[in-house]
Asks: 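Handing you this structure, nothing more for now.
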Amino acid sequence: MNTAVNGEPYLTHYRNNIISRLRAIDLFLKTSPIPYDKKEVIELLSISAEELEKIASENKIGAITPSAFAVIMKNGSGELCRAFKRQLECGITDSYSPEQVSYIYNIDIDVVLSAYASMGVSRLHKGLLETLFSNIYV
């Protein structure tokens, strides 16, 4: 991720491209009939039809169910998919080291370390991610 300061906090990107999409996915998974429509899955995950077919074939997915959706998301190349995979690799936790935040969200480690220092913390509770991201400019 480009971390040159241009006045926009990473928080804006986080809210617009990650949180809003996670909410849309949550609503989709809770309200859409199973099996899920491939076109909607492609749109939600920002992947191509070819990529969806490849992932489905490699993972022996015939119909897109909630568990298949998670497999597709873990293997997709879209930004949200990559962050999801990195989050799973780091483990679901209540607090994050600077290295974990840097890795999960693809932000330069020096920028993350500086933001942690400005907050006076060495680990960050997940509830404070937005505060951290308001101190990171991209």
Side-chain angles (χ1 to χ4, degrees):
M1 160 149 289
N2 179 4
T3 54
V5 174
N6 67 11
E8 182 181 342
Y10 184 78
L11 178 60
T12 303
H13 177 79
Y14 177 72
R15 286 181 174 164
N16 293 338
N17 298 311
I18 297 175
I19 293 300
S20 66
R21 293 182 57 217
L22 285 174
R23 286 184 180 139
I25 289 169
D26 184 51
L27 182 62
F28 172 78
L29 294 175
K30 290 177 178 174
T31 61
S32 297
I34 300 169
Y36 300 127
D37 180 75
K38 289 181 180 183
K39 288 181 184 177
E40 291 181 83
V41 171
I42 289 166
E43 184 177 321
L44 284 167
L45 297 180
S46 298
I47 61 175
S48 69
E50 294 79 16
E51 182 176 5
L52 176 61
E53 291 304 321
K54 181 179 183 217
I55 293 168
S57 174
E58 289 172 352
N59 292 281
K60 298 176 178 56
I61 297 170
I64 305 176
T65 61
S67 59
F69 186 94
V71 170
I72 294 164
M73 190 170 175
K74 182 182 176 219
N75 289 284
S77 65
E79 177 187 15
L80 187 61
C81 295
R82 293 187 316 269
F84 178 67
K85 180 180 181 177
R86 292 188 297 259
Q87 174 72 61
L88 292 176
E89 290 170 356
C90 288
I92 307 300
T93 181
D94 283 338
S95 66
Y96 296 97
S97 69
E99 294 79 11
Q100 288 171 312
V101 170
S102 171
Y103 179 64
I104 293 167
Y105 296 100
N106 196 29
I107 305 169
D108 183 89
I109 186 63
D110 292 331
V111 173
V112 175
L113 287 168
S114 176
Y116 267 69
S118 72
M119 292 177 66
V121 297
S122 59
R123 287 198 66 83
L124 187 76
H125 185 274
K126 67 182 178 182
L128 293 174
L129 277 175
E130 288 200 358
T131 302
L132 176 73
F133 293 152
S134 70
N135 290 303
I136 294 174
Y137 292 85
V138 294

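One is the number of the first residue; the rest follow in order along the sequence. Treat the numbers as computed from the prediction; the structure is a model and nothing was measured.
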Asks: Flag the pair Ile72 / Asn59 as yes when at least one side-chain heavy-atom distance between them is below 4.5 Å, and no otherwise.
Replies: no
Asks: Looking at side-chain heavy atoms only, is the closest gap between Leu129 and Val101 below 4.5 Å?
Replies: yes
Asks: Identify the heavy atoms of Met119 and Leu124 that sit nearest to each other, and give their distance.
Replies: CE-CD1, 3.6 Å
Asks: Can you name the nearest heavy-atom pair linking Ser102 to Ile107, along with the distance?
Replies: OG-O, 2.6 Å
Asks: Listed by chain and number, what are the side-chain hydrogen bond (donor to acceptor under 3.5 Å, both in side chains) partners of Glu99, not counting sequence neighbours?
Replies: Ser97
Asks: Do the ring planes of Tyr36 and Phe28 sit parallel (below 30°), tilted (30 to 60°) or perpendicular (above 60°)?
Replies: tilted
Asks: Can you tell me how far OG1 of Thr131 sits from CD1 of Ile136, rounded to the nearest 0.5 angstrom?
Replies: 11.0 Å
Asks: Would the distance check show the side chain of Ser57 and the main-chain N or O of Lys54 forming a donor-acceptor pair, the cut-off being under 3.5 Å?
Replies: no
Asks: Less than 4.5 Å apart, side chain to side chain, heavy atoms only: is that true for Glu58 and Asn75?
Replies: no
Asks: Quick one: does Val121's side chain get under 4.5 Å of Leu132's, heavy atoms only?
Replies: no
Asks: Ala56: what forms a side chain to side chain contact (heavy atoms under 4.5 Å, CB included) with it, not counting sequence neighbours?
Replies: Ile61
Asks: Give a yes or no on whether Tyr14 and Ile109 share a hydrophobic cluster (residues Ile, Leu, Val, Met, Phe, Trp, Tyr; joining criterion: side-chain heavy atoms under 4.5 Å apart).
Replies: no
Asks: Within a strict 4.5 Å, meaning less than it, do heavy atoms of the Ser46 and Leu80 side chains meet?
Replies: no
Asks: To the nearest 0.5 Å, what is the distance between CZ (Arg123) and CG (Asp94)?
Replies: 10.0 Å
Asks: Should Leu45 and Glu51 be marked as a side-chain contact (heavy atoms from CB on, under 4.5 Å) after you check the CA-CA gap, both sets of side-chain angles, and the distance that decides it?
Replies: CA-CA 11 Å; Leu45 297 180; Glu51 182 176 5; over 6 Å; no
Asks: Identify whether Leu11 and Leu113 are in the same connected component of the hydrophobic contact network (ILVMFWY, side-chain heavy atoms under 4.5 Å).
Replies: no
Asks: Would you give the length of the straight line joining atom CD of Glu43 to atom CZ of Arg21, rounded to the nearest 0.5 angstrom?
Replies: 9.5 Å
Asks: What distance separates Thr12 OG1 from Tyr137 OH, expressed to the nearest 0.5 Å?
Replies: 9.0 Å
Asks: If I take atom OG from residue Ser77 and atom NZ from residue Lys85, how far apart are they, to the nearest 0.5 angstrom?
Replies: 11.0 Å
Asks: What are the two closest heavy atoms between Val112 and Pro98, and how far apart are they?
Replies: CG1-O, 3.5 Å
Asks: List the steps and the verdict of side-chain contact (heavy atoms from CB on, under 4.5 Å) for Asn106 and Arg86.
Replies: CA-CA 9 Å; Asn106 196 29; Arg86 292 188 297 259; 3.8 Å; yes
Asks: Within the distance-only criterion (no hydrogens, no angle test), does the side chain of Glu79 pair as donor or acceptor with the backbone N or O of Asn17 below 3.5 angstrom?
Replies: no
Asks: Contact between Lys126 and Thr93 at the side-chain level, heavy atoms closer than 4.5 Å - yes or no?
Replies: no
Asks: Roughly how far, to the nearest 0.5 Å, is CZ of Arg15 from CZ of Phe133?
Replies: 11.5 Å
Asks: Are side-chain heavy atoms of Gln100 and Tyr103 found at a separation under 4.5 Å?
Replies: no
Asks: Looking at Ala63 and Pro35, what are the two nearest heavy atoms and their distance?
Replies: CB-CB, 3.8 Å
Asks: Mind checking whether Leu27 and Ile42 sit in one hydrophobic cluster, side chains of I, L, V, M, F, W, Y counted as touching below 4.5 Å?
Replies: no
Asks: Are the side chains of Tyr10 and Ile18 in touch, meaning some heavy atoms are under 4.5 Å apart?
Replies: yes
